[in-house]
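The model shown is predicted, which means the values in this text are computed figures rather than measured ones.
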Amino acid sequence: MGDLKEASERFHSDISTTALELDLLKEHKFVEDVGEILVDAGELEDCVRCSYQGRGTKVDGYFYDAEFDVLYLIVSHWIDETDPAKSRVAPGEIDKIFKRCENFFSRSLKQLFSKIEIANEAHDLAHLIYETKKEITAVKIFLVTDGICPKRHAEVVDIDGIEVTRVIWDIERILTFTETGEREPIIIDFTENGGPIPCLVENTEDKRYTVYLAYITGQALADMYSRWGTRLLDMNVRVFLSARGKVNKGIRETIVNEPDMFCAYNNGITVFAREIDYTSLDNGLVGISKATGFQIVNGGQTVASLYHASKKQKAQLSQISVQMKLIVVNNRDDIEKLVPRISEYSNTQNKVSMADLSANDPPHPELHEISKRLKAPDPTGGSRQTYWFYEKARGSYEETKRLEAKTPAKRREFEALYPKKQRFDKSLFGKSWNTYLRKPHTVSLGAQKNFANFNMWLKEQKEEDLNEFFKKTVALVLLWKNAERIVRKQPFEGYRHNIVTYTLAWIFELSDSRIDLAKIWREQVIHEKINDAVEEMSLIVNEHIRKTDKNVTEWCKSEDCWKKLLDKDYQLPKGIEDAYIAPGSKIDVYDPRIREEVEVIEFCKSKGSQAWWDLAKWLKDRQFLSAKARSQCGNMGKALGRGKDPSYFLSKACKKAWEDAEVRGWSPND
């Protein structure tokens, strides 16, 4: 990283500019930005900002991983000082900030939600903690600050029998990641846990990779997962698979009931490391003492099951041995190509869904290059043209500026041509398009899951002219940014991103997505009629998403939330057609579904409504599967009987129920 002070000044300048533009407190913008950084760094999957302070309590953001029952909390310490030398945070202050967040958690276990205004997002968080207190296995608290903190290892404390880990992300750590885009490597030191691991070594003739075969204890793997969580699985194509599938239950039962048979029944794990340190042992074998860049590319379910069995069933893991195949790719240029293949080919227990989260695959590099050469029209009608910069990787804007503008005059010229307010990242790219595709419930799933869904859809758009697609993207980003500014000025307490995506998706739905995106690109402004519609409709959306007994954030992720909004009777403002709907335009031709969704829905439709009714009855008579699964099969029969296309989420659940029933002897012809 370059000069820390200079990087800090840029970082604070961006925060101030955007906060002013969005009429937002700088600390709140800081939390949102660092939340996205933590997602990019693989620390958590999503971040919901919910700034709350009470007596002795503070929390600023959260994410609850329902698959692994881990709660992530964010607490902020905003100093608003650009010079790191003047923003040092004392150890005592660090402990005090962590304690306030821990107090929020411990008091939430005892119905703190009843004392928080229901409109505040922190009410949802406190209620979530209270409802899931028996399920939560671990809590991880991130202290994020624009100050400099003393270096210290992650610390673990115990609150009501729940393991709480403290982690610090100060301005130096934040900027190191944003400037380089590189995640901190996971380093496993085996000497700290029983000494070097004996192994056999196999070298290939061409020296492309080396394989180390060894055995590792179940306790060691559980300890790794306790410290690193799903970061261990960054390269695992099955990282998003449910931890509650059939294979996992079998693993868990073996851990608890037959630990001595675990090695015989389990396939073990496949691991990738960028480099290892090893030593010669007395028995003539090689011992692995340290592995840098440690990643589990197959066996994520095994590791997670070991961890949860130790926490929930108090299983003893020290006597469990797990076979480990550790692969070191000797040529660094081969890593990005070989490791995903190793992961894909070694994952054979279940069907693998390749939800590629990378923005380095086509067409993202092409769109990035287009963003650097396709000039946008001057919104004043003059000749001062600028560019919209697609930041496909975090930090690429600043990196491009450093490479192309080495003097102050050149930097000013660069920023005039590529204004900071005209850059957008892959997260906003995905949110804008999935909103246009009328999938606000998918957008509400969070940055990673939404981008994964959007990216799969994008790869299937083979005939799209990328120059025209980029222009449409800019128009959609403009619509999003403009709607976000309007919504933030409303007196809403939280859920602003949900309100933005639902409001815009509703407008696209009512206009059959015939909004004139080409006109928005040409004029580079949003017409007052659409602004009027956003302002008026956002009030209805705000009321709609809050009218639920569920957690509002979770409700927004449901397709039912979207469908119920469409039942409302609303007419777009008069005159909006002249301003925005393209003359002679046709209903949008984009199919919002991805191939995987189409296949699942077609599978369910092919069975016919009567077969689903029969399956629901068959399951009920035998008390197979859950009551929810049986009900879903009945709902499928009802939907198909009415001639309706079922939703993807219902279809996915029903297809799984059908396949599980077949394993148990179900046949529609019997």
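Using modelled atom types, no side-chain atom of Asp170 and backbone atom of Thr145 make a donor-acceptor pair closer than 3.5 Å. Side chain of His127 to main chain of His123: no donor-acceptor pair is present (N/O by atom type, distance under 3.5 Å, no hydrogens or angles). Panel note: side chain Ser8, backbone Thr82; a donor-acceptor pair is recorded below 3.5 Å. Listed for the Thr503 side chain is a donor-acceptor partner under 3.5 Å among the backbone atoms of Ile499. Judged purely by atom type and a 3.5 angstrom limit, Lys58 has no side-chain atom pairing as donor or acceptor with the backbone of Arg55. Side-chain atoms of His544 come within 3.5 Å of backbone atoms of Cys561 as a donor-acceptor pair (strictly under, hydrogens ignored). One N or O on the side chain of Ser511 and one on the backbone of Phe508 form a donor-acceptor pair closer than 3.5 Å. Checking side-chain atoms of Gln490 against main-chain N and O of Phe492 turns up no donor-acceptor pair under 3.5 Å. Between the Asp146 side chain and the Ile79 main chain, a donor and an acceptor come within less than 3.5 Å of each other. Remark: side-chain polar atoms of Gln422 are paired, donor with acceptor, to backbone N or O of Tyr387 under 3.5 angstrom.
By the 4.0 Å N-to-carboxylate-O rule, Glu413 lies too far from Lys406 to be salt-bridged with it. Ionic pairing of Glu366 and Lys372 is not present here: no N-O contact between side-chain nitrogen and carboxylate oxygen is shorter than 4.0 angstrom. Looking at Asp567 and Lys563, no side-chain N of the basic residue comes within less than 4.0 Å of a carboxylate O on the acidic one, giving no salt bridge. Between Glu484 and Arg496 there is no salt bridge, since no side-chain N of the basic residue sits under 4.0 Å from a carboxylate O of the acidic one. Salt-bridge annotation for Lys481 and Glu21: absent, with no side-chain N of the basic residue lying under 4.0 Å from a carboxylate O of the acidic one. The pair Glu415-Lys401 meets the salt-bridge criterion, with a side-chain N (NZ, NE, NH1 or NH2) lying under 4.0 Å from an Asp/Glu carboxylate O. Using a 4.0 Å cut-off between charged side-chain N and carboxylate O, Lys557 and Glu554 make a salt bridge. The residues Lys26 and Asp80 are annotated as salt-bridged, a charged nitrogen and a carboxylate oxygen being separated by less than 4.0 angstrom.
Side-chain contact between Val39 and Gln448 is present, with at least one heavy-atom pair separated by less than 4.5 Å.
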*Full working for salt bridge (Lys or Arg N to Asp or Glu O under 4.0 Å) between Arg10 and Glu6*: CA-CA 6 Å; Arg10 288 197 302 268; Glu6 183 182 320; 3.1 Å; yes
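By the salt bridge (Lys or Arg N to Asp or Glu O under 4.0 Å) test, Asp645 is found to be paired with Lys605, residues two or more places apart in sequence or in another chain being considered. Every side-chain contact (heavy atoms from CB on, under 4.5 Å) that Ser371 has, sequence neighbours left out, goes to His368, Tyr390, Phe470. Contacts of Asp14 classified as salt bridge (Lys or Arg N to Asp or Glu O under 4.0 Å), with partners at least two apart in sequence or in another chain: Lys420, Arg423. Remark: Glu464 engages Lys472 in a salt bridge (Lys or Arg N to Asp or Glu O under 4.0 Å) (not counting sequence neighbours). Residues passing the salt bridge (Lys or Arg N to Asp or Glu O under 4.0 Å) test with Asp46, sequence neighbours excluded: none.
Taking the centre of each ring, Phe424 and Trp480 stay at or above the 6.0 Å mark.
Glu468 and Trp521 are not linked by any side-chain donor-acceptor pair at a separation below 3.5 angstrom, with hydrogens and angles left out of the test. Defined by atom type and a distance below 3.5 Å, a donor-acceptor pair is missing between the side-chain atoms of His497 and Thr501. The closest side-chain donor-acceptor pair between Asp124 and Tyr495 falls under 3.5 angstrom. Between the side chains of Gln461 and Tyr590, no donor-acceptor pair of N or O atoms lies under 3.5 Å.
Both cation-pi conditions hold for Lys426 and Phe451: the charged atom is under 6.0 angstrom from the six-membered ring centre and inside a 45 degree cone around its axis.
For residues 25-49, the ring-ring contact (aromatic ring centres under 6.0 Å, His included) pairs, not counting sequence neighbours, are Phe30-Trp78.
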